Amino acid sequence: MGSAAPEIDVMVGGQSRRLRRGATAREALDGQAGPDVVAVRVNGRLCDLGRPLEEDCRVEPVSASSPEGLAIIRHSTAHLMAQAVQSLFPGTQVTIGPTIEDGFYYDFAPARPFTPEDLPRIEARMEELARANLAVERIEEPRAAAIERFRRMGEAYKVEILAGIPEDQVSLYRQGEWIDLCRGPHVPSTGYLKAFKLTGTAGAYWRGDERNPMLSRIYGTAFAGREALKEHLELLELARQRDHRRLGRELNLFLFDPIAPGSPFFLPRGTVVYNELVAYMRRLYKRYGYQEVITPQLFRNEIWRTSGHWEMFRDNMYATSDAEAHGPEPEYGFKPMNCPGHTYIYGAEKRSYRDLPLRVADFGRLHRAERSGTLHGLTRVRAMSQDDAHIFCAPEQVAGEIDANLKMMRDVYQAFGFEHIESKVGTMPEKHLGGEQTWRETEAMLEQALLRNGLSCEINPGEGAFYGPKIEIYVPDALKRRWQLATIQLDYNMPERFNLTYTTSAGAEARPVMIHRAILGSLERFIGVLIEHTGGVLPFWLAPEQVRVLSLSEKVEQYASEVARLARQAGFRAAADLRNEKLGFKVREAELSKVPYMAVVGEREMAARSVSLRVLRGAKSQNLALENLLELLKNEALPS
RNA sequence: GCCCAUGUAGCUCAGUCGGUAGAGCACUUCCUUGGUAAGGAAGAGGUCACGGGUUCGAUUCCCGUCGUGGGCUCCA
């Protein structure tokens, strides 16, 4: 093009303006940039407010409360934190500091790791720097110059990052004396950062690789205003109160003891929930044509060698020997999955196409040697059961089976009130069996299945199982945290390794396909998620105690016992609280134990053979004749 | 497994600048027989996670082990 014209056309808010070339985005907005505008989009690309405009373009303001604006605020707050850290702890190197879902972090290589006590100091320095309202200035310079600059500053990690950047020109951001390599954009000055909070410290490997040095990470969050920050912190507090580990103890559902790390003890109440979930799945299995089996816990290692677990999954397995063992090598492995065992059931008979699809379900107990640092309540355990099943089918039946599974999954999640599920396809991991060709084909089949069923389909690279790609279903709980529960995995390897065959209608020998699937996932994790989703207020059909009869005085003890007995005889889990306590006390305890129905009986009720029924979290009570009470309970729906 | 923090009664937590510990709730007994979220009193309950070290003396300081919590990594 020829020599640049001195003026350019800039579209702002639907109006075109002539501006001199090199005018800043802020000038283009001309007063439309209120105090909550933190950046702009120039032809759709996010830029600093101070960005000079070099050609005809469209400029739109980005407000602090928009998702992009919020991300910019958080990113700038990460910089502010790094500046504070380096001024308080000279010699600390910076590495990276991205924004994350509800905040940001910055990883440092400090002289000593940070502790929680350091956070208030850092926060105070951040406040100072924000009050100083330092201008945030973008600098562009050649990559070589930047490398030299950071080398002189002693920032080895930044030099390493720069070495991996392909562009010749890089951007830096300066606020006060402090400077950092960054793509931007950022807020115009530190005074824009008004609402932030440092939330924790953690160790984190450089570039997420455990072979690299451990860095020291500080997490924080930031919002456009103090009000939004406060709301966020309140949500965190709410999440803390709903923590399933806390509720599990308070509601007497389960306990953990150091005697068996990562392995829950389900107490009588928790066991009711557990068993009701299994009963529910069994009803679905009947409808969807599954057969349940019980298989061994401990297998000779031969099975794990054949399945590939010995090669791919050994780190996660417990092994043992029996009394006759001679060498030091363990001869048996506890099953971490049910699939290899199920291949023996398949292979125990000569199979024909008429047997397929063969759907084999198993609630068997699994053990996995999870690393100690990963254990977390019920959501990450070493001993668990899954609503596991393996479908052996002909290749042409795969699509139909996956569809049926996705349908069953929807039934289940609807029953628990989980909405807005998210689905992904986990693709070939580094450690895998089989050829890449098959992997790519089966990955495509799963993607198509999701799309066909109107589900979203993100790719989760390298997250498949070692024997095949998988559909992962994530469910958000009431506090918008996402958990992976269901999975559908497509496997062409296991049938091959165990040499499974069937006779086709044409009389030929063919190889079946194996589909591994679970809907609740592990019962342990599901119960944990369900507790957090419901805050411990489980649906009636899962409630460990469905009705509690509260006696008002000794005079009605017998009648109270009778009411509870009648409810039990009608098939409900009911108990009578006959203790020598006031009614208010008993009501409080029943409320805290989340019992769905409280039947209060005093002398009036005894005389009328009725109860005064109080519903959990309902202040009002209602007088009901005994028959009507039982009728009401019977109408409490089971999930379809 | 790695980094940081942490471990005191069943639970939630005080406390001991080194001289072997305390509250509330829960539990037991007694009094109270009470109408919809805590009636009163008394009692019992702890090798201060475990193992070493320093010290006249360690629950307290140091080291290690185990557990737990927040992350990293891994995964249902």
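Keep in mind it's a predicted model, so treat the numbers as computed, not measured. First the proteins, then the strands, lettered A, B, ... as listed; each starts at 1.
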Hey, do the aromatic rings of [X] and [Y] have their centres closer than 6.0 Å?
{"X": "A:F265", "Y": "A:F256", "value": "no"}
{"X": "A:F466", "Y": "A:H309", "value": "yes"}
{"X": "A:W206", "Y": "A:Y157", "value": "yes"}
{"X": "A:F334", "Y": "A:Y318", "value": "no"}
{"X": "A:F416", "Y": "A:F526", "value": "yes"}
{"X": "A:H516", "Y": "A:Y467", "value": "yes"}
{"X": "A:F104", "Y": "A:Y106", "value": "no"}

Answer yes or no: does a side-chain N or O of [X] lie under 4.0 Å from OP1 or OP2 of [N]?
{"X": "A:H516", "N": "B:A76", "value": "no"}
{"X": "A:K470", "N": "B:A76", "value": "yes"}
{"X": "A:R245", "N": "B:G70", "value": "yes"}

Residue met sooner reading RNA chain B from 5', once A:G521 and A:P258 are mapped to nucleotides =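 The 5'-side residue here is A:P258.
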Nearest-nucleotide 5' precedence on RNA chain B, A:Q386 against A:K555 |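 Looking at RNA chain B, the more 5' nearest nucleotide goes with A:K555.
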Could you tell me how far apart [X] ([atom1]) and [N] ([atom2]) are, to the nearest whole angstrom?
{"X": "A:Y219", "N": "B:G69", "atom1": "OH", "atom2": "C1'", "answer": "14 Å"}
{"X": "A:E591", "N": "B:A38", "atom1": "CD", "atom2": "P", "answer": "11 Å"}
{"X": "A:W206", "N": "B:C72", "atom1": "CH2", "atom2": "C1'", "answer": "15 Å"}
{"X": "A:R588", "N": "B:C25", "atom1": "CZ", "atom2": "P", "answer": "11 Å"}
{"X": "A:R380", "N": "B:C72", "atom1": "CZ", "atom2": "C1'", "answer": "13 Å"}
{"X": "A:F466", "N": "B:C74", "atom1": "CZ", "atom2": "P", "answer": "17 Å"}
{"X": "A:I259", "N": "B:U68", "atom1": "CD1", "atom2": "C1'", "answer": "15 Å"}
{"X": "A:K582", "N": "B:A37", "atom1": "NZ", "atom2": "C1'", "answer": "14 Å"}

Taking only the [atom1] atom of each, what is the distance from [N] to [M] in whole angstrom?
{"N": "B:U8", "M": "B:C4", "atom1": "C1'", "value": "22 Å"}
{"N": "B:G52", "M": "B:A58", "atom1": "C1'", "value": "13 Å"}
{"N": "B:G19", "M": "B:G67", "atom1": "P", "value": "31 Å"}
{"N": "B:C50", "M": "B:A44", "atom1": "P", "value": "24 Å"}
{"N": "B:C13", "M": "B:U73", "atom1": "P", "value": "29 Å"}
{"N": "B:G15", "M": "B:G22", "atom1": "P", "value": "15 Å"}
{"N": "B:U65", "M": "B:C3", "atom1": "P", "value": "10 Å"}
{"N": "B:G70", "M": "B:G34", "atom1": "C1'", "value": "47 Å"}

Which is it for A:F572 and A:Y597 under the ring-ring contact (aromatic ring centres under 6.0 Å, His included) test, yes or no, and what are the steps along the way?
-> CA-CA 11 Å; A:F572 300 101; A:Y597 290 110; 9.2 Å; no
Look at the side chain of A:R368 and decide which nucleotide, out of B:C72, B:A26, B:C75, has an atom nearest to it.
->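 The listed nucleotide nearest to A:R368's side chain is B:C75.
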Please determine which of A:R548, A:R588, A:E250 meets the side-chain contact (heavy atoms from CB on, under 4.5 Å) test together with A:S593.
->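 Running side-chain contact (heavy atoms from CB on, under 4.5 Å) over A:R548, A:R588, A:E250 with A:S593 returns exactly one hit, A:R548.
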Judged by atom type as modelled, is there a donor-acceptor pair below 3.5 Å linking the side chain of A:D491 to the main-chain atoms of A:M514?
->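 It does not hold such a pair.
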Side chain A:K586, main chain A:D577, donor-acceptor under 3.5 Å =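 Yes, A:K586 side chain to A:D577 backbone: donor-acceptor pair under 3.5 Å.
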Sorted by number, the residues of residues 543-554 of chain A with heavy-atom contact under 4.0 Å to RNA chain B |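 Residues of residues 543-554 of chain A that come under 4.0 Å of RNA chain B are, in numerical order, A:L552, A:S553, A:E554.
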Is it the case that more than 12 heavy atoms not belonging to A:Q558 sit under 6.0 Å from its CD atom?
->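 Atom CD in A:Q558 is not packed in, count stays at 12 or less.
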Which residues pass the salt bridge (charged side-chain N to carboxylate O under 4.0 Å, His left out) test with A:R242, sequence neighbours left out?
->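 Residues passing salt bridge (charged side-chain N to carboxylate O under 4.0 Å, His left out) with A:R242: none at all.
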Protein-to-nucleotide contact annotation, 5' to 3' order, nucleotides 2-16 of chain B [B base; S sugar-phosphate only; - none; under 4.0 Å, heavy atom] | BBSS-----SS----
Please evaluate the base of B:G35 for a donor-acceptor partner in the side chain of A:E603 within a cut-off of under 3.5 Å?
->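 Not at all, since no donor on one side and acceptor on the other fall under 3.5 Å apart.
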For RNA chain B, stems built from three or more consecutive Watson-Crick or G-U wobble pairs below 3.5 Å |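 RNA chain B forms these stems: B:1-7 with B:66-72, B:10-13 with B:22-25, B:27-31 with B:39-43, B:49-53 with B:61-65.
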Mind jotting down which residue pairs meet the salt bridge (Lys or Arg N to Asp or Glu O under 4.0 Å) criterion with at least one end in residues 89-116 of chain A? Sequence neighbours excluded, please.
->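 Applying salt bridge (Lys or Arg N to Asp or Glu O under 4.0 Å) to every pair that reaches into residues 89-116 of chain A, excluding sequence neighbours, yields A:E101-A:R482, A:D107-A:R217, A:R112-A:D118.
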Under 3.5 Å, N/O pairs linking protein and nucleotides 42-50 of chain B:
none

